[in-house]
Structures are given as C-alpha cells and as structure tokens.
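Take a look at the structure below.
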Amino acid sequence: MPERPIEQPASGFQVPLWRAIAVFRFASLGYVFALVLINLGEYAHPAAAVPVLVSMTAWTIFASYAYARPARRHWPLLVTDLLVVMAVLLASVWVAGQSALASGVPTLAVAWQGGPVLAWAVTGGRRRGAIAALILGGTDLLMRDEVIQATVNGVILMLLAGIALGHVARLAAIAEQSLQRATELEAATRERERLARGIHDSVLQVLALVQRRGARLGGEAGELARLAGEQEAALRALIATPPPTQAGDTAEGPEADLRTVLGGYASATVSVAMPATPVRLPGVLAREVGAATAAALDNAARHGGGRAWVLVEEEAGVVTVSIRDDGPGIPAQRLAEAARQGRLGVAQSIQGRIDALGGTVRITTGPGQGTEIELRIPIG
C-alpha cells in the first residue's frame, strides 16, 4: 500500500525531529571541516575546498531556517536541498581528485549529505527517505572510478537511516492525529454531558409537568399532554444514547460502535436496549445492520402503528439485533405473496442485507401477536 505524504502540523510530535535534523546538519558540517583539514594535503586542488565549504555553511544555515516553517517543507525546498548536496559531491571529484577518492579519501559531503535524506524521510515517510538515499548514494558511486567497501557501507547506512527515520516520522504523525481526535472526542463528550444535565434540570421537568397536568384536564389539554409525553421520551432517549467511545467511531469510519448507530432510532415509540459495553463492528457491517434495522422499524410503523422495541446482544462472536412490535402481526403467507407481487421490502431491505453479511434472519409473527425480526450477524 503506497505511503501518503505526512501532513506537517504547525506543532506537535514532529517538532523535535526537525530540531534534531538541524543539529545534525551543523554537527556533520563541523565533521566535514575536520576531515578537510586532515586530508587537505591529499587534495588535487586544496584551495578549491574553501568556496565549497563556504557554500555548505551558507546552505546549512538557510536550510535550518527554511525547514523550521512547516509551510516551506514542500518539493521546491526538498529538491533544492538534494541538488545542493549532489553539487557538493560532484565538486569533490575536482577538489580531491579521482586518485585521492580511489585511495579512500572521503568526499567533501561525507555525513553532511544525510541532511536531505532525513528531511525527505520526515516529510514523506520510509519510501521518500529511501528514494533520497538512493539518489545521493548513486551519485556518490557513479562519480568514482573505483568503488570501495567503505563507500558502499556509507550508502547502506544512509539508506537505513532514511527508512528508520521515515518510519518514526509516520508513527509520530499517526500518534498526533489520534491524540487530536481523542482530545476532540473528550471535549464533545463533556459538552454533551453538560447539555444533558441542563436538559434534565429544565426541559424534561417542564415536559413531565405538562404531561401530568394535561392528562388530568383531558380534552385538548390531554392531547397536548400526550405530545409532551412523546417528546419527553424522545428527548430522554436522545441524551441517553451513548456517545462514540473513540474518535471516528461512527458508521462512516473503519470501525463503529453498533450502540451509536442504533441509538439514533430511539424515539417516543421506539425503545432501544443495548449492552453497557461497546459493540464493535467494521464500519460497513454496522452501516448495513443499521439499514436493516431501520427497514424493520419502518415496516412496524407502517403496518403496526404502535410501539416497537430494539434489543442488541453480543455473545460468542455473534451480534443479535431483535426488533419487536405490538402490531397486528403478519398473516400467514403474506411475505411470500408480497414477494410474488414484487413488493420486496423485507426480502431485499432486511433479508438481502443480512444474507450478504453472512448472517441469518428469523421472523416470528402471528395474527394479533405482533412481529419479531431477529438479525444474527457473525462479527468475524
């Protein structure tokens, strides 16, 4: 699976990585100066090393400043960083000479060439870091008449560093995104609890009062009492619906809590009973179970018109959703007759969905006994 570029937050877990790269650039530049002083006598054109070192120093200062701003960490800066190091490697051929390089004298870049590799790894992950390492390593090998073991070892170490840091950077980005979603979820949960307390102390009490007094008065006041009672039940079901237990825990995400999906169907005429612990399903599975449940409740409301109950259970790797109503029931052969007439509501909306999930549907009904539709879905 291809890696996506890592989003660069203004602050967060990646900030220490960029600071470490800046420190690495200056430390490796100091190492370059030390090696140049040691090997100066073996260079073919020692005086030419001075402008190269000045250019490397200027680029180290500029790159450290430029990479400090997330808005600049894009292709123009990344490619320029790579080209500067390649230019230093090519200049080493003339400054040191092929004979010196063949005898084991390092290039002017030495460890300094690892800066772009680390920057590419942090911005794009393992793959981008490996690409930068291979480009610079290939440039280093191609400019030599003779390849020695030390040169190959340096290229391999640079490649491993790019892959390792790219992996760490991607883990840091994922951790920061998870922390941000968890923080947002915690804030939303606290706000929900605050609103629930306020509603319980004000709106629900008023609706309950209207229901009690209106029921005693009768007439139009009785009708208002009935409506107030329905709204009270719906509002209580709404604030009692469990919030997502983790960020992105909805039917649209890769994983969902079935309690959150089915809790939205609770109303004045629909009671939903669910376990106290999360019922985790893949998002697609939860979405289909929710759609099948909605179809069953729609049939109950259309043909029964009374109350309905939804019960969710989970045991032994199987989730069971039972939808029961107190309607008149389904007469014998009604479902088969409806299928022959082309009315496939139950067959397609309920049976078809659950069959596609590898589950089973059991319908228990009878005249005057209401209807119970049991959906059994294996979690695996």
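Side chains included, hydrogens not; waters and symmetry mates left out as well; all remaining heavy atoms used. If you're wondering where the values come from, they're calculated on a predicted model, not measured in any experiment.
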Name the atoms and distances for all side-chain donor-acceptor pairs under 3.5 Å in residues 314-321, with sequence neighbours left out.
from, atom 1, to, atom 2, distance (Å)
T320, OG1, R376, NH1, 3.3

Report task. For A87, check side chain to side chain contact (heavy atoms under 4.5 Å, CB included) against everything at least two apart and list the hits. Result -> none

Report task. Rounded to the nearest 0.5 Å, what's the gap from CD1 on I21 to CG on L118? Could you check? Result -> 5.0 Å

**Report entry** side chain to side chain donor-acceptor pair (under 3.5 Å) partners of residues 53-62, not counting sequence neighbours, each pair once
**Finding:** W59-D81, T60-W112

**Report entry** Side-chain donor or acceptor of S103 paired with backbone N/O of A100 under 3.5 Å
**Finding:** yes

Query raised in the report: Taking C-beta and beyond as the side chain, do V88 and Q113 meet within less than 4.5 Å on heavy atoms?
Result: no

Query - Sub-4.5 Å side-chain heavy-atom contact between R128 and T123 - result: yes

Requested in this report: List, by chain and then residue number, the residues other than V168 in its hydrophobic cluster (Ile/Leu/Val/Met/Phe/Trp/Tyr, side-chain heavy atoms under 4.5 Å); write none if there are no others.
Outcome: none

Requested in this report: With sequence neighbours left out, write down each residue that passes side chain to side chain contact (heavy atoms under 4.5 Å, CB included) with Y265, or none if nothing qualifies.
Outcome: L262, T293, A294, L297

Report task. Could you tell me which residues satisfy side chain to side chain contact (heavy atoms under 4.5 Å, CB included) with R72, sequence neighbours excluded, listed by chain and number? Result -> Y65, A66, R69, L77

Query raised in the report: Less than 4.5 Å apart, any side-chain heavy atom of L101 and any of D145?
Result: no

Query raised in the report: Looking at CG of L357 and CG of L281, how far apart are the two atoms once the value is rounded to the nearest 0.5 Å?
Result: 9.5 Å

Query raised in the report: How would you list, by chain and number, every residue that makes a salt bridge (Lys or Arg N to Asp or Glu O under 4.0 Å) with R144, sequence neighbours excluded?
Result: D140

Query raised in the report: Should the pair W18 and Y67 be assigned to parallel (<30°), tilted (30 to 60°) or perpendicular (>60°) ring geometry?
Result: parallel

Query - Main-chain N/O of G370 paired with T365 side-chain donor or acceptor, under 3.5 Å - result: yes

Query - Polar side-chain atom of D257 near backbone of R280 as donor-acceptor pair, under 3.5 Å - result: no

Query - Counterpart residues, side-chain hydrogen bond (donor to acceptor under 3.5 Å, both in side chains), relative to Q98 (two or more places apart) - result: none

Report task. Measure the spacing between CD1 of I373 and CG of D325 and express it to the nearest 0.5 Å. Result -> 7.5 Å

Report summary line: Closest heavy-atom pair, V105 versus E42, reported as atoms and distance to 0.1 Å, is CG2-OE1, 3.2 Å

Query raised in the report: Can you check whether R73 reaches L78 side chain to side chain, under 4.5 Å on heavy atoms?
Result: no

**Report entry** Any residue meeting side-chain hydrogen bond (donor to acceptor under 3.5 Å, both in side chains) with R362, in chain and number order, not counting sequence neighbours
**Finding:** T364, E374

Under 3.5 Å, which donor-acceptor pairs link side chains of residues 147-161 to any protein atom two or more places apart or in another chain?
from, atom 1, to, atom 2, distance (Å)
Q149, NE2, N153, OD1, 3.0
N153, ND2, Q149, O, 3.4

Report task. Please examine the side chains of L217 and L224, heavy atoms only from C-beta on, and report whether any two atoms are closer than 4.5 Å. Result -> no

Requested in this report: Give every residue pair that meets the ring-ring contact (aromatic ring centres under 6.0 Å, His included) criterion with at least one member in residues 279-301, sequence neighbours excluded.
Outcome: none

Query raised in the report: In chain order, what residues pass the side chain to side chain contact (heavy atoms under 4.5 Å, CB included) check against L311, with sequence neighbours excluded?
Result: A273, E313, S322

Query - Non-hydrogen side-chain atoms of L285 and E288 separated by less than 4.5 Å - result: no

Query raised in the report: Considering all heavy atoms of both residues, which atom of T371 and which atom of G329 are nearest to each other, and what is their separation?
Result: OG1-CA, 3.6 Å

